[in-house]
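Below: the structure, in structure tokens.
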Amino acid sequence: MNLAHPAAFSAFRELLSHGAIMGNRTPLCDGLTLHADPALQLGGEWRSPSGRVLELALRPRAAGAWLGLHLALDLPDLAGLRFLGLAARAVAPDEVLIRACLRSGLPEGGFRDHFMPRHWLAHDEAATHHDLIHLPSQNALPVQAPWRELVLFLPCRPLDLHLHDLAILSA
Amino acid sequence: MTAPASLALSVVIPCHNDAGTLAPLLAALARLGPVVEVIVIDDASSPPLHGADLLAAAGPEARAMAPGWLRLLRQPRPLGAGAARNLGLTLVTAPHVIFLDADDMVMPDLAHLARDLAQDPTARSFDFCIFQHHDTRGDQERLWGQRPFDDRLWRQAGLAHGALNAVGADQAAALVQTANYPWNKIYRTAFLRGKGIGCTPLMVHNDVELHWRSFLLADRIIASDRIGVVHVVRHHGNRLTNRHTAERLRLFPVLDALAEEIALSDRPALAQAFNSFVWGLTDWIGAHLPPEDRPALRAHATRFWLTRTPPAQRRALRADRGALLDRLGIG
């Protein structure tokens, strides 16, 4: 597991917790945060059932440009790795298109995003999704980075998404 | 990390000559976590079940459970699963109970559900929680989960997704039409005892009464999309499900009593759902009954039509299920 806070994520996944969506930044557990464009005036609720990751009910009150679930990774150095990706299981009553991305912090500040090659459509049947980046063929991906995240970009509209499981894959 | 709070579950299992499937179920229940006692009612198996043999066959985890974890009682003659479940319920000491068949298999999500129910304020003081299951009839089609008929009703109720959802009255009127299984619900033991809810002591259809009276009398129902149990369906063999004899007609007095009780409850959606259920069940019984027993079925059905089916429901049935009525010789 290449999570920055594996124990916190594991406890979050195993224990029931819930709360309200709090505007542009909702911390869910150490290393897992929902970030939203403040313009969205995002409201809603979240719940993490026992043994599952997250049930999100997101209710923006206005239009906005971005909305993402950020999972901190412990991957400062990708040297020696050939593949990096995710495996997940999700369901959504109404279809939700998710774009998964590896975000690498830059030493001079800012970040660079590398999107996973596949689109991920959560739909009305619980389904497994997996996707991988082939690292040696990504010349613009920083091999060393001060920090990294997996970002799951979500549509900026009202949505319900149940993320039953999520794992980071590397080889 | 300390173990999260969980419901304490008692499991009641009727068993008639099913020791072979019971052993892996006991092993899984021992591994599951929240199961504090298992009450097996041996419904006159031949040879009789022995607790020590069952635990030995179930493996080290079951043998390591606390003394008294497995309680075994025997009915000297076969009375069916309903009578066995009722006897088991009288012995339950845990605050919550689940009825399983001896050839069911529990899934890890049942333990997660027990934790959610213990911890989530949504579930406070629930009377029963209905959860989803996998039916082995889907295996050949590589389908995981419930049969399409039940799945459609969960979706109709808007409850197809979510680890815990409170069930409103309209949603209950949809969910109550799912197959009348006893093993897809976690019950609050005091709810069943306090309301006098149990199974019908018949060899077949024992679970209709448990299912409908639970929905009728519950103040608080929870639904979960978790697949907690795998239910094995065998189309052949000596299973009671495959017994198609006139004893199925003994259900009709039970249906009469249920119709009466539901009518008195002033819950028209539930009453309509029950009436519709009775006609579907009657049609199913008729399709499997030997020809010599069909006149008796028709007599029961005619009486139910005349005494328990309101005019508006008759019109709806004629319009929507005319072929069913024709098959039964009704209307």
Side-chain angles (χ1 to χ4, degrees), chain A residues 1 3 5-21 28-32 44-59 88-96 98 121-129 154 158-167, chain B residues 1-7 9 31-34 106-124 129 131-134 138 141-148 150-152 154-166 171 186 222-228:
Chain A
M1 188 180 274
L3 301 178
H5 303 278
F9 185 77
S10 178
F12 182 73
R13 199 176 166 282
E14 285 310 306
L15 301 172
L16 184 138
S17 53
H18 56 92
I21 301 297
L28 302 166
C29 70
D30 283 349
L32 182 62
E45 295 177 339
W46 64 271
R47 180 167 60 171
S48 176
S50 170
R52 290 183 178 176
V53 179
L54 194 57
E55 294 179 356
L56 286 172
L58 303 182
R59 303 290 181 263
R89 190 165 177 82
V91 63
D94 298 312
E95 290 178 351
V96 174
I98 304 166
L121 188 68
H123 56 92
D124 198 30
E125 298 281 351
T128 301
H129 172 86
L154 305 173
L159 63 87
D160 293 284
L161 174 67
H162 297 190
L163 188 58
H164 288 181
D165 213 342
L166 176 65
Chain B
M1 188 166 63
T2 55
S6 174
L7 295 186
L9 284 179
R31 281 193 300 271
L32 198 65
V106 289
M107 302 300 291
D109 249 2
L110 189 60
H112 290 301
L113 176 58
R115 287 181 203 146
D116 281 349
L117 288 169
Q119 298 172 36
D120 195 318
T122 306
R124 200 159 285 148
C129 171
F131 55 86
Q132 297 191 10
H133 66 278
H134 172 68
E141 305 143 61
R142 297 191 176 186
L143 291 177
W144 176 246
Q146 307 187 119
R147 301 302 291 157
D150 281 356
D151 190 58
R152 182 177 57 80
W154 278 73
R155 289 176 190 280
Q156 181 185 323
L159 296 166
H161 307 301
L164 282 186
N165 287 305
Q171 293 170 313
I186 294 175
I222 299 292
S224 173
D225 70 352
R226 293 185 187 274
I227 293 181

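The structure displayed is predicted, hence computed values, not measured ones. Lettering of chains follows the sequences in order, A, B, ..., and the numbering in each one begins at 1.
Ionic pairing of A:Glu45 and A:Arg59 is not present here: no N-O contact between side-chain nitrogen and carboxylate oxygen is shorter than 4.0 angstrom.
Side chains of A:Leu54 and A:His162 form no contact here, defined as non-hydrogen atoms less than 4.5 Å apart.
For B:Arg155, the part lying near chain A is the side chain, with the backbone staying farther off; criterion is any non-hydrogen pair under 4.5 Å. If you measure heavy-atom distances from B:Pro121 to chain A, the contacts under 4.5 Å come from the side chain alone. Heavy atoms closer than 4.5 Å to chain B are found nowhere in A:Asp160, neither backbone nor side chain.
Chain A forms the most heavy-atom pairs under 4.5 Å with one residue out of B:Asp151, B:Asp116, B:Asp109, and that residue is B:Asp116.
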For B:Leu164 and B:Leu113, what are the C-alpha separation, side-chain angles and deciding distance, and is it a side chain to side chain contact (heavy atoms under 4.5 Å, CB included)? CA-CA 8 Å; B:Leu164 282 186; B:Leu113 176 58; 3.8 Å; yes
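Note on ring orientation: taking the six-membered ring where Trp is involved, the planes of B:Trp144 and B:His134 are parallel (angle under 30°, cut-offs 30° and 60°).
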